[in-house]
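Below: the structure, in structure tokens.
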Amino acid sequence: QVQLVESGGGSVQAGGSLRLSCAVSGYTSSIHYMGWFRQAPGTEREGVAAIWTGGGVTNYADSVKARFTISQDNTKNTLYLQMNSLKPEDTAMYYCAATSRWVGSRPLSRQGYNYWGQGTQVTVSS
């Protein structure tokens with residue numbers, strides 16, 4: 001089993017920055033991919049960014065490219081999401097996710113992930 005705990009959410013004004021963290025524990029050696037997903041009220045949960053833990057290859061949704069950066073610190077068993085130039089449309093609950101499956105063809109698809117955190121709220125005001 002893998003446990004994920006997010007932190008770092010909050011309220012910021014448009015143009016501001018936040019860094020989300022996800023503490024990973026448990027059977028971490030089984031993880032192939034990790035990702036950040038978000039869900040606003042009344043919408044589907046969407047993939048924002050993903051990283052292949054074995055080689056650091058990253059993928060981003062078009063809506064966040066050049067603004068968000070996903071990274072991992074293996075010494076701390078922590079996943080990060082640096083979010084810059086935030087927009088009101090980035091407002092959502094953000095979830096950390098991990099998978100022991102190979103999702104290389106669709107790393108931003110939530111169907112491939114089998115471990116989820118509880119979420120952290122990000123609110124961006126205009």
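Note that the structure is a prediction, hence the values are computed from the model and not measured.
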Would Tyr113 and Phe37 count as a ring pair (Phe, Tyr, Trp, His ring centres under 6.0 Å) here? Give the steps. CA-CA 10 Å; Tyr113 288 78; Phe37 293 75; 5.0 Å; yes
Ignoring hydrogens, what is the shortest heavy-atom contact between [X] and [Y]? Give both atom names and the distance.
X: Leu4; Y: Cys96; answer: CD1-O, 3.6 Å
X: Ser125; Y: Pro88; answer: C-CG, 4.5 Å
X: Thr43; Y: Gln39; answer: O-NE2, 3.1 Å
X: Gln82; Y: Ser17; answer: NE2-CB, 4.0 Å
X: Tyr115; Y: Ser100; answer: CE1-OG, 4.4 Å
X: Gly8; Y: Leu18; answer: O-CD2, 3.9 Å

Is there a donor-acceptor contact under 3.5 Å from the side chain of [X] to the main chain of [Y]?
X: Ser109; Y: Arg106; result: no
X: Thr120; Y: Gly9; result: yes
X: Thr28; Y: Ser25; result: no

I'd like to know if Phe68 and Val12 are part of one continuous hydrophobic network [Ile/Leu/Val/Met/Phe/Trp/Tyr, side-chain heavy atoms within less than 4.5 Å].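 Same cluster.
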Given the rule that I, L, V, M, F, W and Y join up when any side-chain heavy atoms are under 4.5 Å apart, are Val103 and Leu108 in one cluster?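 No: no chain of side-chain contacts under 4.5 Å links Val103 to Leu108.
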Could you check Gln72 against Tyr80 for side-chain contact (heavy atoms from CB on, under 4.5 Å), going step by step and ending with a plain yes or no? CA-CA 6 Å; Gln72 58 182 0; Tyr80 300 101; over 6 Å; no
Quick one: does NZ or CZ of [X] land under 6.0 Å from the six-membered ring centre of [Y], within 45 degrees of the ring axis?
X: Arg101; Y: Tyr33; answer: no
X: Arg110; Y: Trp116; answer: no
X: Arg38; Y: Tyr95; answer: no

Verdict with supporting geometry, Glu6 and Gln118, side-chain contact (heavy atoms from CB on, under 4.5 Å): CA-CA 7 Å; Glu6 304 97 332; Gln118 82 288 351; 2.8 Å; yes
Are side-chain N/O atoms of Asp73 and Thr78 paired as donor and acceptor at under 3.5 Å?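 Side chains of Asp73 and Thr78: no pair found under 3.5 Å.
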[atom1] of [X] to [atom2] of [Y]: how many Å apart, nearest 0.5 Å?
X: Leu81; Y: Arg19; atom1: CG; atom2: CZ; value: 10.5 Å
X: Gln121; Y: Tyr94; atom1: CD; atom2: OH; value: 9.0 Å
X: Glu46; Y: Trp36; atom1: CD; atom2: CH2; value: 14.5 Å

Quick one: do Val124 and Lys87 satisfy side-chain contact (heavy atoms from CB on, under 4.5 Å)? Show the steps, please. CA-CA 6 Å; Val124 184; Lys87 304 176 181 180; 5.5 Å; no
Decide if atom CD of Gln111 counts as having more than 12 heavy atoms of other residues, nucleotides or ligands within a radius under 6.0 Å.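 Counting neighbours around CD of Gln111, more than 12 heavy atoms of other residues, nucleotides or ligands fall under 6.0 Å, so yes.
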Is the number of heavy atoms from other residues, nucleotides or ligands within 6.0 Å of CD (Gln1) greater than 12?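 Open: at most 12 neighbouring heavy atoms sit under 6.0 Å from CD of Gln1.
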The single option from Asn77, Leu79, Asn114, Val2 passing side-chain contact (heavy atoms from CB on, under 4.5 Å) against Ile31: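 Only one option passes, and that is Val2.
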Identified side-chain contact (heavy atoms from CB on, under 4.5 Å) counterpart of Met34 within the set Ile70, Thr99, Ile51: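 It is Ile51; the other options fail the test.
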Any Lys/Arg nitrogen of Asp62 or Lys65 sitting under 4.0 Å from an Asp/Glu carboxylate oxygen of the other?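 Yes, Asp62 and Lys65 are salt-bridged.
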